[in-house]
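Worksheet: one structure, shown below.
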Amino acid sequence: MSEREQRLERLNGMLRRRGFILPAFEIHGGAKGFYDFGPVGGRLRSRVNQAWLDHWLRMGNIVELSCPTVTPYAVLEASGHVGEFSDFMTVCGSCEEASRADVLLEAHHTNPDALKMDELQNLLDASKPECPACAATEWSPVEAQNLMFNTTIGAGSSGRQGFLRPETAQGMFTSFNVLFRHFRERLPFGAVQLGKGYRNEIAPRQGMIRLREFNMAELEYFIDPEKKPEPNLGDLGDLMLTLVGEGQEPSSMRLQDALDTGLIRHATVAEFIGRTHRFLEHVGIHTDKIRFRQHEQDEMAHYAVDCWDAELHGSYGWVECVGIAHRGCYDLEAHEKATGKTLRARREFDEPRTTVIDAWTINGATAGPAFKAMAGQVKKAVEDLPKDTVFPCTVIIDEGATVEVLAEHVKPNQKTIKETGEWYLPHVIEPAFGIDRIIWHVLDHAYKEDIKNDDKYVRMELSDKIVPVDMAVFPLFEKDGMGERAWAIHQRLCATPGLVSMYDASGSIGRRYARADEIGVPRCVTVDHQTLEDETVTVRSRDTGEQIRVPIDELC
RNA sequence: GCGAGCGUAGUGUAGUGGUUAUCACCGAGCGUUGCCAACGCUUGAACCCGGGUUCGAGUCCCGGCGCUCGCACCA
């Protein structure tokens with residue numbers, strides 16, 4: 001086993017032992033792809049979440065949403081997830097063998113793979129294929145079976161099919177009109193959401209890297225595709241980043257240069273790459289272990305137009321932890337199509353545009369009875385004819401048919417249309433963060449093994465911004481009133497909003513410092529005899545071991 | 001999903017069908033100790049689950065679950 005693998009085993013053991021992250025439901029045999037954040041990790045996770053929220057909310061045009069994790073079938077069908085992630089299954093009523101519905105129906109349809117679920121159901125009911133296992137012809141209702149977790153919304157036969165969401169994004173897209181009103185109809189703006197996402201992975205691996213239930217944090221940032229974003233990135237532009245362009249070797253360059261040379265194709269994408277880098281650095285990711293990699297064309301998800309991943313380097317090599325995707329108008333358009341609702345923003349023209357129409361249209365009173373069902377298409381065709389058309393004439397309508405249009409069917413069409421603006425589908429830039437993967441790398445990067453007295457001495461060099469425990473309070477001994485004094489200080493610290501303290505009185509003082517170092521407590525407060533006399537304590541720093549004496553009142 | 005290996009206290013482990021399952025760290029209590037994993041005593045805690053073979057199973061067999069790796073899948 002390599003030294004890297006041994007370190008990984010020691011790290012994993014410590015994370016379990018000290019309550020950072022642990023396999024879930026272990027006393028029942030465990031469940032693949034599910035982890036608990038323990039008594040230490042739970043606080044770490046919420047601190048990282050809060051840091052992430054603060055990071056985006058400071059932009060000033062971002063709001064936070066919280067949408068359900070249970071999502072109706074139709075939403076994810078519209079988004080493309082059902083089609084992209086699903087097979088349709090049905091179970092034999094006799095032998096309970098599961099079969100793919102489209103495969104059963106191959107003899108009854110030229111391309112059953114393309115059918116929607118209800119079409120498959122209808123065809124299955126109509127054609128009654130034989131079960132390949134037992135030749136029975138009774139089938140259970142068709143169900144979508146894929147990487148999304150299935151569930152039923154409501155009871156019994158009145159239940160609707162739904163899924164646990166595979167991403168938080170869709171709830172933000174379906175909320176677009178609410179967001180648009182909230183922001184006084186002015187783009188750009190964004191919505192963020194922190195929450196659980198679910199994917200029924202075939203093979204969860206590598207601990208926290210591939211989970212079935214995971215913490216996601218996504219920003220959907222809506223922009224006007226015709227309005228060029230500010231090409232000057234300001235101080236973000238000076239960030240030196242490791243970038244891996246499509247088909248290229250990694251190279252280090254200024255973010256502004258990457259945008260100016262066209263390596264990064266869109267200024268807002270570049271801006272978010274910079275902001276993402278800052279966030280990762282803020283929570284304690286080592287900047288020399290961050291790189292941004294552009295997706296290959298054939299690698300991009302079904303919705304993406306351009307995509308960069310933030311990859312972090314750790315015990316599992318380079319792992320993608322953030323995806324920054326230019327999704328175009330894919331999602332809003334998809335939900336528009338599926339629902340018939342409008343999900344658009346308004347763009348006012350600098351000058352009102354007037355269109356003068358001086359041509360022909362149909363005369364409804366005569367053309368209606370003459371063309372009946374085709375009248376609508378005839379109208380469209382006639383309105384496309386030039387002004388100098390002479391009737392009667394032959395026009396070609398949509399379906400390729402030709403019709404004879406007489407003079408009595410038409411009348412001159414003269415009008416002036418004034419438009420002050422237009423409705424358009426905004427484009428979306430989406431930074432999507434895998435919080436668990438980021439936390440894993442925060443822990444991996446913070447884990448330090450020093451040698452002390454020939455032993456490995458473990459210290460988590462976590463950022464103060466996200467440490468699970470801010471201070472630990474120790475009585476030198478639990479006697480002469482030192483224990484009571486220390487407990488009172490501990491309670492006072494815990495009563496300070498945003499501060500977490502830990503009390504520890506067991507074992508020698510050195511052992512307690514070691515325990516605190518192992519979970520990354522930045523400062524340890526020790527109550528000794530002098531405390532009882534002058535109300536001061538020693539404060540010892542995690543990374544230097546230095547101690548200073550401070551009055552209790554100045555602790556917080 | 002397929003194949004291979006593995007599964008013993010909180011952690012790391014020993015255990016070649018036969019006592020009360022080994023050792024270390026660890027946790028808790030007491031004592032000692034005036035600030036960096038100290039020491040002594042006491043104590044806590046495990047054979048993944050289920051079935052089979054056997055007089056007897058941690059050990060052998062079968063199934064499940066979990067872990068690791070490879071392939072496949074996914075992004």
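Residue numbers begin at 1 in each chain, while the letters A, B, ... track the order of the sequences.
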Report task. Using the six-membered ring wherever Trp is involved, compare the ring planes of His266(A) and His326(A) and label them parallel, tilted or perpendicular (cut-offs 30° and 60°). Result -> perpendicular
Report task. Could you state the atom-to-atom distance from CZ of Arg459(A) to P of A37(B) in whole Å? Result -> 14 Å
Report summary line: Walking RNA chain B from its 5' end, the first of Arg512(A) and Arg515(A) to be reached, judged by nearest nucleotide, is Arg515(A)
Query raised in the report: Parallel, tilted or perpendicular: which fits the ring planes of Phe149(A) and Phe34(A), with parallel below 30° and perpendicular above 60°?
Result: tilted
Query raised in the report: Distance between the C1' atoms of C62(B) and A21(B), in whole angstroms?
Result: 25 Å
Report task. For this output row, return yes or no: ring centroids of Phe272(A) and Tyr221(A) closer than 6.0 angstrom. Result -> yes
Requested in this report: Would you jot down, in residue-number order, the residues of residues 524-539 of chain A having a non-hydrogen atom under 4.0 Å from RNA chain B?
Outcome: Thr526(A), Asp528(A), His529(A), Thr538(A)
Requested in this report: Find the distance Arg4(A):CZ to U68(B):C1' and express it as a whole number of Å.
Outcome: 14 Å
Query raised in the report: Charged N to carboxylate O under 4.0 angstrom, Lys456(A) versus Glu518(A)?
Result: no
Report summary line: In whole angstroms, the gap separating P of U13(B) from CZ of Arg17(A) amounts to 13 Å
Query raised in the report: Is a salt bridge present between Glu535(A) and Arg485(A), judged by a nitrogen-to-oxygen distance below 4.0 Å?
Result: yes
Query raised in the report: How close or far is atom P of A28(B) from atom CD of Glu478(A), stated in whole angstroms?
Result: 11 Å
Report summary line: Rounded to whole Å, OH of Tyr198(A) lies from P of A75(B) at a distance of 20 Å
Report task. Could you measure between the two P atoms, the one in G56(B) and the one in A46(B), and give it in whole Å? Result -> 25 Å
Report summary line: Which of Arg437(A), Lys289(A), Arg293(A) passes salt bridge (Lys or Arg N to Asp or Glu O under 4.0 Å) with Glu311(A)? Answer is Arg293(A)
Query raised in the report: Base, sugar-phosphate, or nothing for Gly434(A), non-hydrogen atoms under 4.0 angstrom?
Result: nothing
**Report entry** Proximal nucleotide (of G27(B), U33(B), C35(B)) relative to the Phe477(A) side chain
**Finding:** U33(B)
Query raised in the report: Looking across every strand, which nucleic acid part, if any, lies under 4.0 Å from Glu26(A) by heavy atom: base, sugar-phosphate, or nothing?
Result: nothing
Write down the protein N/O and nucleotide N/O pairs, taken from nucleotides 64-66 of chain B, whose separation is under 3.5 Å; answer none if there are no such pairs.
{"residue": "C65(B)", "atom": "O2'", "partner": "Gly29(A)", "partner atom": "O", "Å": "3.3"}
{"residue": "G66(B)", "atom": "O4'", "partner": "Gly29(A)", "partner atom": "O", "Å": "3.4"}

Query raised in the report: Rounding to a whole Å, what distance do you find between Glu518(A):CD and G27(B):C1'?
Result: 13 Å
